[in-house]
Amino acid sequence: MSSASVLELLPAVDVRDGQAVRLVHGESGTETSYGSPLEAALAWQRSGAEWLHLVDLDAAFGTGDNRDLVRQVTEAMDIKVELSGGIRDDASLAAALATGCTRVNLGTAALETPEWVAKVIAEHGDKIAVGLDVRGTTLKGRGWTRDGGDLYETLARLDAEGCARYVVTDIAKDGTLQGPNLELLKNVCAATDKPVVASGGVSSLDDLRALAGLVPLGVEGAIVGKALYAKAFTLEEALEAVAAV
Ligand SMILES: O=C(O)c1ccccc1NCC(=O)[C@H](O)[C@H](O)COP(=O)(O)O
């Protein structure tokens, strides 16, 4: 479990075809574009973010990659960066870690090549997080398009392998501004002692306060995407709201 008492906020920059975008339910083709990923990342940094959640959606979907741009954005940051999307083998992991990011988030690999994931967890420790992206309790890989087994069975296996942290996304909520799935997060926290980063659905400062209320259970951080781009609140307001809980 995390020792931090204030919920960490990770503003998201999801990159598709060189642009910062947000998707609905993570579905390819539902993109709303928000311009330059570097400008977006710098704006979150200026607003006081301590973390950036940076996703290469093309790498996740297998429609190419934005590797050079992702490296450029990561190198421009003075803050911690969590990299996600298409990190599935030695080459993509080496490229991700070479950007100087703080940690990477593995998704599909944890479902399809568990032996490799166990090996890199053993090698890299808390530089590796695993994304548990679910519909109901079924995990999804390959850009959230393919079933990948049961959430709790996979969580038990990864815990036994020493996985340091989980990024938990309810795909039904992602990009919808419908609020996070607090029940799912509580259930995951009850099933593991490792810190959990919540992702998907944040719509308001009250959602963030509710997530901050789960810090004692093991929720360490929250990824915020659409709500910031849609200007539901500012990052400054969000940081203030979670600091007051
Ligand atoms: O993270 C991935 O690898 C990924 C793969 C395929 C589709 C989406 C993916 N990530 C999306 C995110 O991490 C979002 O930025 C995050 O869940 C924010 O959601 P929201 O606040 O609801 O916009």
Side-chain angles (χ1 to χ4, degrees), residues 7-17 19-34 37 40-41 44 49 51-67 70 73 81-88 92-93 96 101 103-112 128-135 139-146 148 165-182 184-185 196-205 207-208 210-211 219 221-233 235 238:
L7 184 76
E8 292 175 344
L9 295 183
L10 298 85
V13 175
D14 293 21
V15 185
R16 184 109 211 236
D17 206 11
Q19 296 293 298
V21 300
R22 282 305 300 125
L23 308 178
V24 181
H25 304 311
E27 279 171 24
S28 187
T30 63
E31 289 87 346
T32 306
S33 186
Y34 295 98
W44 305 141
W51 276 98
L52 176 71
H53 175 73
L54 182 58
V55 185
D56 187 342
L57 286 175
D58 286 300
F61 288 123
T63 53
D65 67 72
N66 299 276
R67 205 177 264 183
V70 162
V73 172
V81 177
E82 174 176 86
L83 274 190
S84 192
I87 304 168
R88 296 175 190 164
S92 51
L93 177 62
C101 68
R103 67 176 178 241
V104 301
N105 187 32
L106 308 179
T108 301
L111 313 178
E112 296 187 359
I128 306 283
V130 169
L132 300 170
D133 307 318
V134 292
R135 278 195 181 272
L139 289 158
K140 296 281 183 174
R142 298 264 157 198
W144 300 354
T145 59
R146 203 175 295 174
R165 176 175 281 97
Y166 302 100
V167 178
V168 176
T169 306
D170 180 353
I171 296 169
K173 297 281 195 172
D174 200 80
T176 66
L177 295 174
Q178 286 178 357
N181 185 337
L182 301 175
L184 170 69
L185 293 163
V196 167
V197 178
S199 188
V202 169
S203 69
S204 66
L205 295 176
D207 287 341
L208 291 175
L211 288 169
V219 173
I223 293 168
V224 189
K226 186 83 166 259
L228 289 171
Y229 292 96
K231 301 194 187 331
F233 48 77
L235 185 57

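Source: prediction; values computed, not measured. Along the sequence shown, residues carry numbers from 1. Every number for a ligand or one of its atoms is a count from 1 in the order of the listing.
- Aromatic ring centroids of Trp44 and Tyr34 lie 6.0 Å or more apart.
- Judged by the 6.0 Å and 45° rule, Arg103 forms a cation-pi pair with Trp51.
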For ligand 1, list all ligand N or O to protein N or O distances below 3.5 Å, rounded to 0.1 Å.
{"unit_1": "ligand 1", "atom_1": "1 (O)", "unit_2": "Ser84", "atom_2": "OG", "d": "3.2"}
{"unit_1": "ligand 1", "atom_1": "3 (O)", "unit_2": "Ser84", "atom_2": "OG", "d": "3.2"}
{"unit_1": "ligand 1", "atom_1": "13 (O)", "unit_2": "His53", "atom_2": "NE2", "d": "2.8"}
{"unit_1": "ligand 1", "atom_1": "15 (O)", "unit_2": "Asp14", "atom_2": "OD1", "d": "2.8"}
{"unit_1": "ligand 1", "atom_1": "15 (O)", "unit_2": "Asp14", "atom_2": "OD2", "d": "3.1"}
{"unit_1": "ligand 1", "atom_1": "17 (O)", "unit_2": "Asp174", "atom_2": "OD1", "d": "2.3"}
{"unit_1": "ligand 1", "atom_1": "17 (O)", "unit_2": "Ser199", "atom_2": "OG", "d": "2.6"}
{"unit_1": "ligand 1", "atom_1": "19 (O)", "unit_2": "Arg22", "atom_2": "NH2", "d": "3.2"}
{"unit_1": "ligand 1", "atom_1": "19 (O)", "unit_2": "Asp174", "atom_2": "OD1", "d": "3.1"}
{"unit_1": "ligand 1", "atom_1": "21 (O)", "unit_2": "Gly225", "atom_2": "N", "d": "2.9"}
{"unit_1": "ligand 1", "atom_1": "22 (O)", "unit_2": "Gly175", "atom_2": "N", "d": "2.7"}
{"unit_1": "ligand 1", "atom_1": "22 (O)", "unit_2": "Gly201", "atom_2": "N", "d": "2.7"}
{"unit_1": "ligand 1", "atom_1": "23 (O)", "unit_2": "Arg22", "atom_2": "NE", "d": "2.8"}
{"unit_1": "ligand 1", "atom_1": "23 (O)", "unit_2": "Arg22", "atom_2": "NH2", "d": "2.8"}
{"unit_1": "ligand 1", "atom_1": "23 (O)", "unit_2": "Lys226", "atom_2": "N", "d": "2.8"}

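- The closest side-chain donor-acceptor pair between Thr63 and Asp58 falls under 3.5 angstrom.
- When only modelled atom types and interatomic distance are considered, Ser28 and Arg16 share a side-chain donor-acceptor pair under 3.5 Å.
- Just one residue in the list Leu7, Val168, Val167 forms a side chain to side chain contact (heavy atoms under 4.5 Å, CB included) with Val197, and that residue is Val167.
- Ion pairing of Arg67 with Asp56 is absent here, as no side-chain N (NZ or NE/NH1/NH2) approaches a carboxylate O to less than 4.0 Å.
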